[in-house]
Asks: 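This is the structure, below, for whatever I ask next.
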Amino acid sequence: METGIRLTHPDKLLWPDEKVSKQALLEHYELVWPRMEKFVVGRPLALVRAPDGVGGPRFFQKHASAGMSDKIFKSRDPQDNEEILFVKDFDGIAALVQMGVVEIHLWGCTMDRIDTPDQVVFDLDPDEGVAVETVRQAALDIRDKLKELSLPVFVKTSGGKGYHVMVPLKPEAKWEAVKEFAHDFARAMEQAEPDRYTATLSKKARTGKIFIDYLRNGRGSTTVAPYSSRAKKGATVSMPVTWKEIGDGVAPNAFPIGNGMTLKRLAGDDPWKDFFDRAKVLKL
């Protein structure tokens, strides 16, 4: 992939333990770009930066900073005039790598339809000690419940402890309505199986349970982008997968950058190739 962005210190290790450098991260994005492009271009961004590597200081960035590349564009939120960052092409992603961005997070909308999200996300966040098999089964159960509502359902690994269950939408419903739907759905899951699920954020409420995080569906809230790296042990990626792979036991942190399993997944069919083609209007 051609880019006009030159990496300074390309050998700098962003994940020192795993020996993953800025150059290796850029090569990862070059590899996934044909699949990733439609999910990140022209969308509001939030960034996790670790200029000295993931073992050093990290910070969350939503606004421009001094020296930022002109390939990272700026706009204003019409609602509150807050600055918004977005990219238009691969040069923008390369510029993020140059800045030491180790996680790319997105709003669930495009810049030109900023008031109407085009996806719902349920982020499954297990308490410490909850078995990964339990979290995997939760993803399958949520899929089944969403299918009962005649909604298309996709899934990706988080790169951490859980999975992200996603529903593509035609951008018609407003943020408040989409968030209310997600909250009602999470509460219904909790009410059906209160020993397994909680729709409450507090640590106390989630003891031994899986928090179905519906809060990602609020205006200005973000979720890690498909194919984004994670600032976690293992230099993992949030990877779109098939439901069969979930059923077969794929782990949430199964895909490290440059790993053989990661490359094999990327050499196979794109499980999200028709993500937006299958979008439906959310009927409330």
Side-chain angles (χ1 to χ4, degrees), residues 32-46 75 77-79 84 86-89 93 104-124 138-158 162-186 188-189 212-228 237-246 265-266 268-284:
V32 301
W33 186 244
R35 301 183 180 199
M36 186 182 191
E37 180 179 7
K38 64 178 176 284
F39 296 106
V40 295
V41 164
R43 290 178 174 270
L45 301 178
S75 185
D77 185 338
Q79 181 168 294
I84 294 174
F86 65 101
V87 297
K88 295 182 178 180
D89 51 28
I93 298 297
I104 302 170
H105 292 247
L106 308 168
W107 292 31
C109 66
T110 56
M111 293 294 299
D112 59 349
R113 300 292 297 272
I114 200 165
D115 291 322
T116 48
D118 60 7
Q119 54 198 261
V120 183
V121 56
F122 296 99
D123 178 356
L124 306 188
L140 295 168
D141 291 348
I142 288 172
R143 173 201 62 181
D144 293 345
K145 293 297 183 185
L146 289 166
K147 281 188 170 183
E148 288 176 11
L149 300 176
S150 299
L151 291 171
V153 196
F154 292 77
V155 65
K156 64 185 177 78
T157 65
S158 70
Y163 302 94
H164 296 157
V165 179
M166 313 279 291
V167 176
L169 300 178
K170 292 188 182 298
E172 295 188 14
K174 301 287 189 180
W175 282 106
E176 187 175 335
V178 171
K179 184 177 179 182
E180 185 176 357
F181 163 78
H183 191 191
D184 288 347
F185 182 89
M189 294 294 292
I212 302 176
D213 186 353
Y214 65 91
L215 297 167
R216 309 284 177 175
N217 301 289
R219 195 180 200 281
S221 297
T222 61
T223 303
V224 70
Y227 305 103
S228 171
V237 172
S238 181
M239 181 71 78
V241 293
T242 66
W243 284 109
K244 182 180 185 303
E245 286 170 303
I246 296 292
R265 165 93 290 282
L266 293 171
D269 289 341
D270 179 358
W272 282 27
K273 62 180 177 293
D274 60 348
F275 185 92
F276 290 114
D277 293 338
R278 292 180 57 195
K280 285 196 172 186
V281 174
L282 187 61
K283 296 178 180 177
L284 301 165

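Nothing fancy with the numbering, it's 1 onward along the sequence.
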Asks: For residues 272-284, which side-chain N or O atoms pair as donor and acceptor with protein atoms under 3.5 Å away, sequence neighbours left out?
Replies:
{"from": "Trp272", "atom 1": "NE1", "to": "Val155", "atom 2": "O", "distance (Å)": "3.1"}
{"from": "Lys280", "atom 1": "NZ", "to": "Ser150", "atom 2": "O", "distance (Å)": "2.8"}

Asks: Which atom pair, heavy atoms only, marks the closest approach of Thr157 to Tyr163?
Replies: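 Closest approach of Thr157 to Tyr163, heavy atoms only: CA-CD2, 4.1 Å.
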Asks: Check whether any side-chain heavy atom of Glu37 lies under 4.5 Å from a side-chain heavy atom of Ile93, and answer yes or no.
Replies: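 Sidechains of Ile93 and Glu37: no contact.
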Asks: Any pair with a residue in residues 139-156 that passes salt bridge (charged side-chain N to carboxylate O under 4.0 Å, His left out), sequence neighbours left out, goes on the list, sorted by first then second residue, please.
Replies: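 Sorted pair list: Asp141-Arg196.
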Asks: CG of Asp77 to CD1 of Ile114: how many Å apart, nearest 0.5 Å?
Replies: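 One gets 4.5 Å once the value is rounded to the nearest 0.5 Å.
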Asks: Any side-chain heavy atom of Thr222 sitting closer than 4.5 Å to one from Pro44?
Replies: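 Thr222 does not reach Pro44 side chain to side chain.
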Asks: Going by the salt bridge (charged side-chain N to carboxylate O under 4.0 Å, His left out) test, which pairs reach into residues 167-185, not counting sequence neighbours?
Replies: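 Sorted result for residues 167-185: Asp184-Arg187.
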Asks: Taking side chain as C-beta onward, heavy atoms only, is Phe154 less than 4.5 Å from Pro240?
Replies: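 Phe154 does not reach Pro240 side chain to side chain.
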Asks: Using side-chain hydrogen bond (donor to acceptor under 3.5 Å, both in side chains) as the criterion, list what pairs up with Ser221, not counting sequence neighbours.
Replies: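 Not a single residue meets the side-chain hydrogen bond (donor to acceptor under 3.5 Å, both in side chains) criterion with Ser221.
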Asks: I need the minimum non-hydrogen distance between Ile104 and Ser228, along with the two atoms involved.
Replies: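 Taking Ile104 first and Ser228 second, the nearest heavy atoms are N-OG, 3.0 Å.
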Asks: For Arg35, what residues pass the side-chain hydrogen bond (donor to acceptor under 3.5 Å, both in side chains) criterion, not counting sequence neighbours?
Replies: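 side-chain hydrogen bond (donor to acceptor under 3.5 Å, both in side chains) check on Arg35 returns nothing, list empty.
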Asks: Hey, mind stepping through Met239 and Leu266 against side chain to side chain contact (heavy atoms under 4.5 Å, CB included) and telling me if it holds?
Replies: CA-CA 9 Å; Met239 181 71 78; Leu266 293 171; 4.0 Å; yes
Asks: The criterion is ring-ring contact (aromatic ring centres under 6.0 Å, His included); which residues satisfy it with Phe122, sequence neighbours excluded?
Replies: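 Phe122 satisfies ring-ring contact (aromatic ring centres under 6.0 Å, His included) with Phe185 once adjacent residues are dropped.
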Asks: Report the C-alpha separation of Leu169 and Phe181 in whole Å, then their side-chain angles, then the decisive distance to 0.1 Å, and conclude whether the side chain to side chain contact (heavy atoms under 4.5 Å, CB included) test is met.
Replies: CA-CA 12 Å; Leu169 300 178; Phe181 163 78; over 6 Å; no
Asks: I need the minimum non-hydrogen distance between Trp175 and Gly108, along with the two atoms involved.
Replies: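 Residues Trp175 and Gly108, closest heavy atoms: CH2-N, 3.7 Å.
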Asks: With sequence neighbours excluded, what pairs up with Thr110 under the side chain to side chain contact (heavy atoms under 4.5 Å, CB included) test?
Replies: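 In terms of side chain to side chain contact (heavy atoms under 4.5 Å, CB included), with neighbours along the sequence ignored, Thr110 is linked to Arg43, Asp112, Arg113, Asp118.
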Asks: The criterion is side-chain hydrogen bond (donor to acceptor under 3.5 Å, both in side chains); which residues satisfy it with Asp123, sequence neighbours excluded?
Replies: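 Asp123 satisfies side-chain hydrogen bond (donor to acceptor under 3.5 Å, both in side chains) with His164, Arg216 only.
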Asks: Show the nearest heavy-atom pair for residues Val40 and Leu45, with the distance to one decimal.
Replies: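 That would be O-CD2, 4.4 Å.
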Asks: Taking only residues two or more places apart in sequence or in another chain, which ones pass side-chain hydrogen bond (donor to acceptor under 3.5 Å, both in side chains) with Asp89?
Replies: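 Not a single residue meets the side-chain hydrogen bond (donor to acceptor under 3.5 Å, both in side chains) criterion with Asp89.
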Asks: Starting at CG of Leu146, measure out to CE of Met189 and round the result to the nearest 0.5 Å.
Replies: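 So the CG of Leu146 and the CE of Met189 are separated by 8.0 Å.
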Asks: If I compare all heavy atoms of Pro117 with all of Cys109, which pair ends up nearest, and what's the gap?
Replies: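 That closest heavy-atom pairing would be CA-CB, 4.0 Å.
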Asks: Sub-3.5 Å donor-acceptor pair from the side chain of Asp213 to the main-chain atoms of Leu215, do we have one?
Replies: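 Yes.
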Asks: With Ser75, which residues qualify under side chain to side chain contact (heavy atoms under 4.5 Å, CB included), at least two apart?
Replies: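 Only Phe86, Met111 meet the side chain to side chain contact (heavy atoms under 4.5 Å, CB included) criterion with Ser75.
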Asks: With sequence neighbours left out, write down each residue that passes ring-ring contact (aromatic ring centres under 6.0 Å, His included) with Trp243, or none if nothing qualifies.
Replies: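 Per chain and number, Trp243 pairs via ring-ring contact (aromatic ring centres under 6.0 Å, His included) with no residue.
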Asks: At their closest point, which heavy atom of Ala225 faces which heavy atom of Ser238, and how far apart are they?
Replies: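 Minimum heavy-atom separation between Ala225 and Ser238: O-CB, 3.8 Å.
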